[in-house]
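Note that ligands are numbered from 1 as they come in the structure, with each ligand's atoms numbered from 1 the same way.
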Amino acid sequence: MTKFSHVIIRRPGKSLSNGITSAPELGQPIYERAIEEHYDYEHALEQCGVDVSVLPALEQYPDSCFVEDPAVITRCGAIITNPGADSRNGEKDEIEPAVRRFFDDEHVKHIVSPGTLDGGDVMMVGDHFYVGRSARTNEEGIQILRQFCEILEGWGLEGSEVPLEEVLHLKTGVNYIEDNNMLVSGEFIDKPDFAQYNKIVVPEDEAYGANCIWVNGTVIVAEGYPTVLKAVQDLGYKTLVVDTSEYRKVDGGLSCLSLRF
Ligand code: CIR
């Protein structure tokens, strides 16, 4: 059974306002509010019984509070990714020392160029990892999946590829909350890859709310998505609600803001 004992987060910097966005119409994140939301997020995680390591802001990387992307952490070891956006690629060198506090050399592996991978494209379901093939997770000619899966297989884990077309990352639209329950939205609702799960279909007007996180029996849900919240509560989960509206302005959400392991 999955159980997390550690979480890594990184405070946003003032440069968050320059983060990559597909939704400029939402306006730029307001730093003071983003910090408040980050503290609330940290406190929600603490209530789930995990030890939270807080890394300092990195002004040179506007998107670096989204620590989920430069690393993937499994129960067997960590994979430092090769983030697909040029402005974010250097984040991999910044996250590695934090990850190495928990894993020795043998248990830290790397994705190498020309393969690129963002952790937001990796969804863990027990020992199986779904890997979204997105604009960020890719490789010309050779399959990035092979590189990632060889590392997983070395640890007795496995992966499979899920092509995606409409959203930034796999977990933008599909999230596993344990006990065979999966929140699905948009292009993921009818994907055969997820047919075996109890699917909670997220309505289009609450699509952002599909990005929930399960932490030791509690599901943290973004504020402002009542249908999602009710559906999760109806399944019997304890829930916590956190406002992530400043992060939404730069395409970020609950899962992107932490590494849980
Ligand atoms: C980016 O475009 O990379 C950031 N502005 C948002 C990253 C969100 N990360 C995630 O979904 N895992």
In terms of ring plane angle, is the pair Phe129 and Phe148 parallel, tilted or perpendicular, where the classes change at 30° and 60°?
->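 It falls in the perpendicular class, over 60°.
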Does any N or O of ligand 1 fall below 3.5 Å from an N or O anywhere on [X], backbone included?
X      : result
Arg88  : yes
Asp251 : no
His169 : yes

Please identify each residue that fulfils side chain to side chain contact (heavy atoms under 4.5 Å, CB included) with Arg260, with sequence neighbours left out.
->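 With neighbours one apart ignored, the set is Phe4, Val7, Tyr41, Glu68, Lys171, Ile213, Val215, Ser255, Ser258.
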Cation-pi between Arg248 and Tyr208: NZ/CZ under 6.0 Å from ring centre and within 45° of the ring axis?
->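 The answer is yes, since Arg248 meets both limits relative to Tyr208.
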For [atom], what is the closest protein heavy atom, and at what distance to 0.1 Å?
atom                   : answer
atom 2 (O) of ligand 1 : Arg136 NH2, 2.9 Å
atom 4 (C) of ligand 1 : Asp63 OD1, 3.2 Å
atom 9 (N) of ligand 1 : Asp69 OD2, 2.9 Å
atom 6 (C) of ligand 1 : Val250 O, 3.2 Å

Subset of ligand 1 atoms that lie under 4.0 Å from at least one heavy atom of Cys256 =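 Atoms satisfying the 4.0 Å criterion: 8 (C), 9 (N), 10 (C), 11 (O), 12 (N).
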Can you find a pair of side-chain heavy atoms, one from Asp251 and one from Phe66, that are under 4.5 Å apart?
->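 No - every pair of side-chain heavy atoms lies 4.5 Å or more apart.
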Between Asp118 and ligand 1, which part of the residue brings a heavy atom under 4.0 Å of the ligand: side chain, backbone, both or neither?
->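 Within the 4.0 Å criterion, Asp118 makes no contact with ligand 1.
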Quick one: closest heavy-atom pair of Lys199 and Phe194, and the distance?
->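 That would be CD-O, 3.8 Å.
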Out of curiosity, Thr2 OG1 to Asn216 CG, how far, rounded to the nearest 0.5 Å?
->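 If we round to the nearest 0.5 Å, Thr2:OG1 and Asn216:CG are 9.0 Å apart.
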Glu165, CD atom: more than 12 neighbouring heavy atoms under 6.0 Å =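 Not buried by this count: 12 neighbours or fewer within 6.0 Å.
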